[in-house]
Amino acid sequence: MKRIFNIFFRRNAVRSVSTTIEMVRILNVAEKNDAAKSIADVMSRGHYRKREGFSKFNKIYEFESSILDHQNCTMTFTSVSGHLLALEFPIQYRKWMSCSPVELFNVPVEKYCPKDYEDIKRTLENEIRGCQKLVIWTDCDREGENIGFEVIQVCRAVKPNIQVYRARFSEITPHAIANAARNLVRPDQLVSDAVDVRIELDLRIGAAFTRFQTLRLKKVFPEALAEQLISYGSCQFPTLGFVVERYKQVQAFVPEPFWKLKVTHLCDDVKAEFVWKRNRLFNHLACFVLYHHCIENPVATVVDVNSKSKNKWRPVALDTVEMEKLVSRKLHINAKETMRVAEKLYTQGFISYPRTETNIFPKDLDLVPLVTEQARDPNWGEFAQQVLQQGPHPRNGNKTDNAHPPIHPLKYTNQLQGNEQRIYEFIVRHFLACCSQDAQGHETVVEIDVAAERMVAGETSPPSLLTEADLIALMEKHGIGTDATHAEHIETIKSRMYVGLRPDGRFVPGHLGMGLVEGYDQMGYEMSKPHLRAELEADLKAISEGRKQKNDVLVQQVQKYKDVFIEACRQALKLDEALSQYLGQAQTYTPHPAPTASVVKPCPHCGHNLTLRTKKNGKGYYIGCSNYPECRHALWLPDFVLEADVDSEICPTCQPGPVHLLRFRFRPGSVPPTIPNNFTGCVGGCDEMLSETLGITRSLGTYNRVAGNTNNSVHRGTGCGTGTPNARSLSTIPNPTVFATSQTPPADRNNQRARGNPAGRIPLGLMDANAQNRERGQQGSAARSTMAPDSTIVCSCGHNARLFTVRKEGPNTGRQFYGCGMPQKVCTFFLWADEQETGRQGHAGSNIAQLNNVPPTSMQAGEEVQCNCGLAARRLTVQKDGPNKGKEFYGCSKPRAEGCGFFQWACNVQDNRFTGSSSFPGQGRGPGTGGLTGQKRKLSSTSEATPAARRPRRCGLCGVEGSRCRSFKADMTMLSHV
DNA sequence: GCAAGGTC
């Protein structure tokens, strides 16, 4: 007993003493083992102790140091390997047939530690137990911040109150590390939030579309795609889009002949070729006249000689993207292989870290020993000596990732083989050139007056198909992927058979890639365009800067893509049709019922479903008909609705049902005090307070927004009972479409214009059919303003209209009309004042035609022809001599420079009035005129496809049907048979 | 079996 007591006492004594001298222990976690080791090495001046953790790749480095307020503390340095946690669906949703893909937009997701990283997690959990503080040393970028929070999450699960700090450093040098240690900050939650949003969206969108595409198309094209994974990703699809777009540009290019004068002069075996100041002429006769003028006066007079030295700049320090591009161009090694080799060279210690966005050498990086290392090489050693003599003067760029230096050689070797040797040599030569001086040259420009030798003909040539270097440059320009992932995305679209590589190293789209892009284009969704990703990136930046809330962006983006997904399912036949032009006959496929996730209630106009959707710009909501574009019924919710979702509960009052309740989150202060900011209510009309707040009146079985509550083009009904709950039934309305509204918000249309055409007008034929419909619908809705019952005229944008008088000389001089009441004329509303008295509906199109002194058409209301602007077309008569002189036709009512170029023979109106077809002669917009327009139309319509186009194509070399020939399939016939 | 982003 005594012995036991003594032992206990001694232990307590030891413990008591140790508490007085025990040093504070701090856990430091870097993003990778290499960084942990380097930082520990710098901070300990090489005196660190190394021990094993649970992960064999992530060691533990310990040393004593002073940091924070501790003069002497034990620093425990370890690392993760990139992201420690991953996001996934719960196990019950991971099997592809476990749920409808649309559910993946809403099912919960969970973070978990993948099996490969459990050892790292155990190390953290074990080490944090003995530490009092945690310092995050992950890379100082967005992903690094998020990885830091993953470390924090794991450590706090063990030690909830652990104090956490963040070290910010731009490079692993004594100065930078000491500075970071002296100026520890708190981790940035906002930056990490932005990454959480990216991760979740990538998962939901990628998984939903990939399952949808793959499951559908393998059934529709069982021979060609049975085993094919048809993935969708926010980076891989834009990458595919670049290839397709360039291919189409090449296909659509029409060469144009030109002529130029070529003058050469041979002197002492040196041939000088002179450049014509006119460069080239597209008019043969004009060029020929000049040519004759020259040969009649064949003596050249030297009028000026200008001689000067000229420099060629040495290359900029090498970053990852530049290395990928240059190696692809110079050595014909693709980016994926380049990075694989570079990583190997890095781990062997031959080169610096190859994944870097930095092209500026740090000032405290001593380049002399690095150049000296290379002086012993028999090929470039002499050049290295010259660099040393002149002193290394690197040419720096202007980018830094605040983490790694430019790629450069660390030590000399002549033992490498194959691509390792070639890429190592490239990095060395680039580094030496970067550190050398600019190339010196001399240029003499001789200007001569006139002399001619011969006239050369040529023709304009199309742009080249994209090389891998071009593709990487485009991805970089548009923010698709990161420097670390460009090569992977390119590899993905190759492995998915979306694109192929020609023997000359240029990319061509494959049939699958082409069909997918065209199919989505024809639905009206630009899934393969880079701006979707760019918009997300802008939102992520806003989150990280505190301008947007994480949850707001997440909800809006998920809803936006979910809406697109639902529409894509509904219009999936367009995908089948687009692909059938390349893959042969589509099999009939009956999918599961189309997703109905966001259904609010039946549409009072057409009986289809009204669904809750996010506006295309991602800001705000509307309730639109699933039968769009046939039915354009829509209700736009005000901007102060920050979130909206469909509840499963059904309103017991509103009919026809079922009418689902909606869950709202309102902007604080924007709704009456009786309505909470988070509120679940019915928009079917039974809740008068909510209806009034949202600007909804129940009229004629449909919804209309009360004027003044919105900037969108939705208006009160006609004088026959707006706002009265028991108004006439729909069947009594003479022209029901007068209430229909476009589903494309004006802001989105403007964006579309700004993106597509600086002039603000989308060229007909280059825009897909759905987009044209939207364009017309939007314009059309603007034209369909009606009078309020109290005789106050409400214009298209919802404001009170203003009375004007026609000043222009003409038949309407002095006549009064209503126009937009806003000073800046935000809408195109127009209504003659004298027509208002008769109760006739205002119609901007027909009245604008009158404003332009165009005689009113003799057609009855509702029978007018609309042009592609959505306005009433002008009825005109051919004046030009010819077989059609005197024949009547319809054209755009706007001045020609501003108009849409619409053309329709009057005698064909009955057949074509609603097709929106346009074939204005001489404008190259009609079918068969060649170029992109003609081709796109041919591709977009199976009804126009010739039998030959529908037949399965055969491999040109082996004769086997395309879908059965592996080479044919791989190369999609646009490649050579290999 | 899906994404994209880290990393080994």
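So you know, we letter chains A, B, ... as the sequences are listed, proteins then strands, and number each from 1.
- For A/Glu88 against B/dC2, a side-chain N or O and a base N or O form a donor-acceptor pair under 3.5 Å.
- Distance from the side chain of A/Arg533 is smallest for B/dA4 among the nucleotides B/dC8, B/dG6, B/dA4.
- Taking the six-membered ring where tryptophan is involved, the planes of A/Phe77 and A/Phe63 are essentially parallel, since the angle between them stays under 30° and well short of 60°.
- If you check every strand for non-hydrogen atoms under 4.0 Å, A/Leu87 touches a base.
- Between A/Trp96 and A/Ile120, the residue whose closest nucleotide on DNA chain B is further toward the 5' end is A/Trp96.
- In this structure, CE of A/Met97 is placed 14 Å from C1' of B/dC2, rounded to the nearest angstrom.
- Using a 4.0 Å heavy-atom criterion, one finds that A/Lys218 contacts the bases of the nucleic acid, with or without backbone contacts as well.
- Atoms CG (A/Leu215) and C1' (B/dG1) sit 10 Å apart, rounded to a whole Å.
- Within the 4.0 Å cut-off from OP1 or OP2 of B/dA3, not a single side-chain nitrogen or oxygen of A/Ser234 is found.
- In A/Lys325, the NZ atom is crowded: over 12 heavy atoms of neighbouring residues, nucleotides or ligands sit closer than 6.0 Å.
- Looking at heavy-atom distances under 4.0 Å, A/Ser81 makes contact with a base.
- Residue A/Gln236 places its side chain closer to B/dA4 than to any other of B/dA4, B/dG5, B/dC8.
- Protein atom NZ of A/Lys111 is 12 Å distant from nucleotide atom C1' of B/dG6, rounded to whole Å.
- With salt bridges taken as basic N to acidic carboxylate O contacts below 4.0 Å, none links A/Lys562 and A/Glu567.
- Across all strands, A/Gly144 comes closer than 4.0 Å to no nucleic acid atom at all (heavy-atom distances).
- Rounded to whole Å, atom C1' of B/dG5 lies 12 Å from atom NE2 of A/His486.
- At least one side-chain nitrogen or oxygen of A/Arg496 sits closer than 4.0 Å to the OP1 or OP2 atom of B/dA3.
- At a threshold of 4.0 angstrom between heavy atoms, the contacts of A/Ala208 with the nucleic acid are absent.
- Heavy-atom nearest nucleotides on DNA chain B were determined for A/Arg94 and for A/Tyr353, and the one closer to the 5' end corresponds to A/Arg94.
- Note on A/Leu201: nothing from the nucleic acid sits closer than 4.0 angstrom, heavy atoms only.
- Atom CG in A/Leu540 sits about 12 Å away from atom C1' in B/dG5, given to the nearest Å.
- The aromatic rings of A/Phe209 and A/Tyr232 sit tilted, their planes meeting at an angle between 30° and 60°.
- A salt bridge links A/Lys541 with A/Glu545: at least one charged nitrogen is closer than 4.0 Å to a carboxylate oxygen.
- In A/Lys37, the NZ atom is not crowded: 12 or fewer heavy atoms of neighbouring residues, nucleotides or ligands sit closer than 6.0 Å.
- Contacts of A/Arg204 with the nucleic acid, taken as non-hydrogen atoms under 4.0 Å apart, are absent.
- Side chain A/Ser231 to base B/dC2: no donor-acceptor pair is found below 3.5 Å.
- Residue contacts shown for A/Thr482 are limited to sugar-phosphate atoms, with no base heavy atom under 4.0 Å away.
- The aromatic ring of A/Tyr232 is not stacked on the base of B/dA3, since the criterion of ring centres less than 5.5 Å apart with planes inclined by under 30° is not met.
- Taking atom NZ of A/Lys32 as the reference point, atom P of B/dC8 lies 7 Å away to the nearest angstrom.
- Base contact: A/Leu203 has a heavy atom under 4.0 Å from a base atom.
- Note: CD (A/Gln228) to P (B/dC2) measures 12 Å, nearest angstrom.
- With B/dC2, B/dG1, B/dG6 as the candidates, the nucleotide lying closest to the side chain of A/His83 is B/dG6.
- Judged as a salt bridge (Lys or Arg N to Asp or Glu O under 4.0 Å), and not counting sequence neighbours, the contacts of A/Asp119 are A/Arg122.
- Here the C1' atom of nucleotide B/dC8 and the CG atom of A/Asp34 are 11 Å apart, to the nearest Å.
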